[in-house]
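Data first, discussion second: the structure below is written as structure tokens.
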Amino acid sequence: MLELRVKRVLDVSARANGEAVVSMLAEGRQNEALNKLSMAKGKDMAGYVLRLLKPKKKKSLDANAYMWALCDKLAEALKTTKENVYRTAIRHVGVFTDVTLEAEAARSMIAGWEHNGTGWVTEIVDDVAEEKTVRFYYGSSAYDSKEMARLIDEIIVYCKDFGIEHLPPDELERMKAAWGETAT
């Protein structure tokens, strides 16, 4: 995947044959992307797709560290691992996609998905004949600030149930405000 951050669109025009010409100003020094685009200049790029996406707000490292600290405290109370606590929270409030696949393809996709990391979990939600509907949960590394806030709020609910100390509401609000400042 080629990623180029656009600072500004300079010009958009149409040729007589209906083709569009777009001129953009790239942000910063993105040598790898610019080199690849330079090599493609003048070549037929039929079949390629250019997508313009607005970047999501990323979670802050503070939020991630805080989430793991809470998972660790809960794990101690529950006599389990912080990874199990994390996976449980991911399943309760996590972002997911359901996909129906043939049984063999489902096994292969599950193995590949779970290889992405600790929170990239799956569960079979429907199993009919040779087809399986698999729920693919995204790990928090793919979350934006709103999704991460929801995950932390869920973990705080568990902490309250077990009398585990967590940040006071005003400190949580400060952290949430910081998430908005870490947007890419």
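In what follows, residues are counted from 1 in the order of the sequence shown. Bear in mind the structure is a predicted one, so any value in this text is a computation, not a measurement.
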Path from [X] to [Y] over hydrophobic side-chain contacts below 4.5 Å:
{"X": "Leu101", "Y": "Val125", "answer": "no"}
{"X": "Met67", "Y": "Val157", "answer": "no"}
{"X": "Ile155", "Y": "Val93", "answer": "yes"}

Rounded distance [0.5 Å steps], [atom1] in [X] versus [atom2] in [Y]:
{"X": "Ser140", "Y": "Ile152", "atom1": "OG", "atom2": "CD1", "value": "8.5 Å"}
{"X": "Asn116", "Y": "Phe136", "atom1": "CG", "atom2": "CZ", "value": "10.5 Å"}
{"X": "Leu74", "Y": "Lys79", "atom1": "CG", "atom2": "NZ", "value": "13.0 Å"}
{"X": "Asn64", "Y": "Tyr143", "atom1": "CG", "atom2": "OH", "value": "11.5 Å"}
{"X": "Lys82", "Y": "Tyr86", "atom1": "NZ", "atom2": "OH", "value": "12.0 Å"}
{"X": "Ser141", "Y": "Met148", "atom1": "OG", "atom2": "CE", "value": "9.5 Å"}

Among all residues two or more places apart in sequence or in another chain, which pass the side chain to side chain donor-acceptor pair (under 3.5 Å) test with [X]?
{"X": "Thr122", "answer": "Glu114"}
{"X": "Glu104", "answer": "Arg107"}
{"X": "Asn84", "answer": "Thr80, Thr81, Arg87"}
{"X": "Lys73", "answer": "none"}

Residue set satisfying ring-ring contact (aromatic ring centres under 6.0 Å, His included) with Tyr138, at least two apart, ordered chain then number -> Trp113, Trp120

Of all residues at least two apart in sequence or in a different chain, which pass the ring-ring contact (aromatic ring centres under 6.0 Å, His included) check with Phe162?
-> none

So does Glu83 have more than 12 non-hydrogen atoms from other groups sitting under 6.0 Å from CD?
-> yes

With sequence neighbours excluded, residues passing salt bridge (charged side-chain N to carboxylate O under 4.0 Å, His left out) with [X]:
{"X": "Asp127", "result": "Lys132"}
{"X": "Arg91", "result": "Glu123"}
{"X": "Asp126", "result": "none"}

Kindly give the heavy-atom pair with the smallest separation between Leu151 and Ile90, and that separation in Å.
-> CD1-N, 4.0 Å

Between Leu70 and Cys159 the two heavy atoms that sit nearest each other are CD2-SG, 3.8 Å

List in chain and number order the residues that pass side chain to side chain contact (heavy atoms under 4.5 Å, CB included) with Asn17, two or more places apart in sequence or in another chain; answer none if no residue qualifies.
-> Arg15, Glu19

Partners of Lys160 by side chain to side chain contact (heavy atoms under 4.5 Å, CB included), sequence neighbours excluded?
-> Ile156, His166

Before giving the answer on side-chain contact (heavy atoms from CB on, under 4.5 Å), spell out for Tyr158 and Thr88 the whole-Å C-alpha distance, their side-chain angles and the decisive distance to 0.1 Å.
-> CA-CA 11 Å; Tyr158 303 156; Thr88 298; 4.1 Å; yes

Is a side-chain donor or acceptor of Glu147 paired with a backbone partner of Asp144 at a separation under 3.5 angstrom?
-> yes

Decide yes or no for Val99 and Val134: does some side-chain heavy atom of the first lie under 4.5 Å from some side-chain heavy atom of the second?
-> no

